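Small disclaimer: the values here were computed from a predicted structure and weren't measured. Residue numbers count from 1 along this sequence.
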Amino acid sequence: MLVLALTFAALLRAAAAWPALGGRGDRFTLEGEAEEVRSAAIKRLLEVFGMEDPPAVHGHKQPPQYMLDLYNTVADVDGVTRDPYLLEGNTVRSFFDKLRSEQVEFKFNLSTVARSEKVLTAELHLFKLRPQAPLTFSRHHFCQVSVYQLLDSSKTNSTQAKKLLSSRLVPVHSTGWEVFTVTQAVRSWMADEGSNLGLHVVVRTLGGSQMDLKLIRFASGRHHHPSKQPMLVLFTDDGRRSAAIASSFLPQTPNAVKSSRTARSLDYGEEGGHSRHCQRLPLYVDFDEIGWSGWIVSPRGYNAYHCKGSCSFPLGQNMRPTNHATVQSIINALKLIRGIETPCCVPDKLFSINLLYFDDDENVVLKQYNDMVAGSCGCH
């Protein structure tokens with residue numbers, strides 16, 4: 001079976017090799033042109049991923065387990081979206097607490113969030129530790145954990161200068177992650193960056209009295225393992241989400257094994273590789289070869305696929321032709337009108353991919369990009 005394999009990085013290397021094609025007098029000009037082509041290609045690829053420049057590489061840092069688990073839930077091993085409805089919006093951002101205080105106060109720097117991003121949901125993730133003091137003498141089995149937004153007292157009539165965001169019961173004996181919704185606070189911070197004074201957590205007994213912090217403790221960034229650091233998680237949408245998301249989704253991912261001989265013919269050509277009909281062929285984008293492996297966590301690359309082949313008359317159903325393409329192929333075959341070409345072999349199903357990466361401030365971001373993988377090809 002003949003399989004044509006291309007990589008985006010190979011195209012960039014080809015551009016860099018152009019000087020070898022010219023004579024000595026043309027070498028300098030060709031080198032400059034090759035560098036311009038490479039630079040323009042990288043810039044355009046960054047635009048596809050919604051960036052002006054690649055994020056700075058700060059060295060090796062472990063992404064939050066929550067973000068790794070979320071990525072593995074929404075994406076397959078190649079980064080292709082399992083189901084477009086699993087993720088709320090198209091972007092998930094994680095932020096670590098900047099205060100690293102002994103007190104139960106937390107502050108997060110949201111400067112990397114674009115003002116154009118719509119905040120859908122914001123969550124405060126706190127890791128509850130085991131109680132320090134013995135609980136045998138304690139009659140408390142549950143406590144009330146409340147999260148407040150800190151306000152500027154000079155701008156409020158209240159002397160309390162804080163606003164309740166979320167409150168619920170938490171078992172005193174439990175340990176693990178507790179999640180609180182703080183969407184209202186984050187939306188106000190996005191509207192007015194100066195109003196971001198942080199969050200304050202208060203723990204009370206069911207009777208309403210302040211609880212001993214030896215009985216109920218949350219991990220802080222200062223004295224506990226990085227995997228237990230307080231974290232703010234934002235679910236946002238940058239407006240690039242496709243309106244036609246339902247029409248581009250198939251339950252079967254592009255990597256799924258197709259059972260019918262017709263489908264295998266469409267994707268890979270007939271046995272022996274002699275078919276020149278429209279078909280889907282590999283096109284691997286390797287982030288390491290492009291030079292992006294320093295800031296991308298997953299995937300290391302992905303198969304975008306490309307469509308190649310003829311759409312000559314007669315167009316069979318295995319070529320997935322549109323009615324328009326069928327009519328055009330007939331007009332071309334009968335030469336009824338001069339200048340009418342055969343239909344083109346193009347993707348007729350496109351899938352989104354997910355990228356897990358570090359931004360400039362070392363925050364981990366999960367972002368979904370539409371129309372990145374050719375799921376199948378047809379004559380159009």
cation_pi(Arg300, Phe287) dist<6.0 Å, angle<=45: no
Decide ring pair (Phe, Tyr, Trp, His ring centres under 6.0 Å) for Phe218 and Phe127; before the verdict, give the C-alpha distance in whole Å, the side-chain angles of both, and the deciding distance to 0.1 Å. CA-CA 6 Å; Phe218 292 104; Phe127 190 86; 9.3 Å; no
When you check the gap from the basic side-chain N to the acidic O, do Glu178 and Arg168 get nearer than 4.0 Å? yes
Minimum-distance pair of heavy atoms, taken over all atoms of [X] and [Y]:
X	Y	value
Ile340	Gln328	CG2-CG, 3.9 Å
Val172	Lys128	O-NZ, 2.8 Å
Asn354	Pro299	O-CD, 3.3 Å
Trp189	Leu110	CE3-CD1, 3.8 Å
Thr112	Phe95	OG1-CE2, 3.7 Å
Phe358	Pro55	O-CB, 3.4 Å

Do [X] and [Y] have side-chain heavy atoms sitting under 4.5 Å apart?
X	Y	value
Phe108	Lys98	no
Met372	Val285	no
Thr205	Gln144	no
Phe180	Val145	yes
Met231	Pro64	yes
Thr181	Leu165	no
Arg93	Asn363	no
Val179	Leu126	no

Going by the rule salt bridge (Lys or Arg N to Asp or Glu O under 4.0 Å), which residues pair with Lys228 if we only count those two or more places apart in sequence or in a different chain?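 Salt bridge (Lys or Arg N to Asp or Glu O under 4.0 Å) check on Lys228 returns nothing, list empty.
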Side chain [X], main chain [Y], donor-acceptor under 3.5 Å:
X	Y	answer
Ser39	Glu35	no
Arg82	Ala75	yes
Asn303	Leu283	yes
Ser352	Gln368	no
Gln229	Ser227	no
Ser166	Val147	no
His380	Cys345	no
Thr326	Thr322	yes
Asp371	Leu350	no
Asp78	Val80	no

Tell me, yes or no, whether the heavy-atom count around [X] atom [atom1], taken from other residues, nucleotides or ligands under 6.0 Å, exceeds 12.
X	atom1	value
Gln184	CD	no
Asp192	CG	yes
Glu47	CD	yes

Verify side-chain contact (heavy atoms from CB on, under 4.5 Å) between Phe142 and Val170, making sure each step is shown before the conclusion. CA-CA 6 Å; Phe142 287 89; Val170 173; over 6 Å; no
Are His125 and Glu123 close enough that a side-chain donor and a side-chain acceptor fall under 3.5 Å? yes
When the aromatic ring centroids of Trp295 and Tyr357 are compared, is their separation below 6.0 Å? yes
Answer with yes or no after comparing the ring centroid distance for His141 and His173 against a 6.0 Å cut-off, counting only values under it.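 Yes; His173 has its ring centre under 6.0 Å from that of His141.
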Mind checking the [atom1]-[atom2] spacing from [X] to [Y]? Nearest 0.5 Å is all I need.
X	Y	atom1	atom2	answer
Leu315	His277	CG	NE2	9.5 Å
Gln62	Met67	CD	CE	13.0 Å
Arg187	Thr121	CZ	OG1	7.0 Å

With Phe235, the side chain to side chain contact (heavy atoms under 4.5 Å, CB included) member among Asn90, Leu366, Val92: Val92
Residues pairing under side-chain hydrogen bond (donor to acceptor under 3.5 Å, both in side chains) where one sits in residues 338-348, two or more places apart or in two chains, turn out to be Arg320-Asp348, Asp348-Ser376
Taking only residues at least two apart or on different chains, which pairs with a member in residues 301-337 satisfy disulfide bond (SG atoms under 2.5 Å apart)?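 Passing the test, one end in residues 301-337: Cys307-Cys377, Cys311-Cys379.
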Run the side-chain contact (heavy atoms from CB on, under 4.5 Å) test on Tyr302 and Val373 for me, step by step, so that the C-alpha distance in whole Å, both residues' side-chain angles and the decisive distance to 0.1 Å come before the verdict. CA-CA 9 Å; Tyr302 76 99; Val373 174; 3.8 Å; yes
Yes or no on side-chain contact (heavy atoms from CB on, under 4.5 Å) for Phe96 and Asn109, after CA distance, side-chain angles and deciding distance? CA-CA 8 Å; Phe96 285 127; Asn109 181 3; over 6 Å; no
Start with the C-alpha distance between Asp238 and Lys118, add both sets of side-chain angles, then the distance that settles salt bridge (Lys or Arg N to Asp or Glu O under 4.0 Å), and finish with yes or no. CA-CA 6 Å; Asp238 63 5; Lys118 182 181 179 182; over 6 Å; no
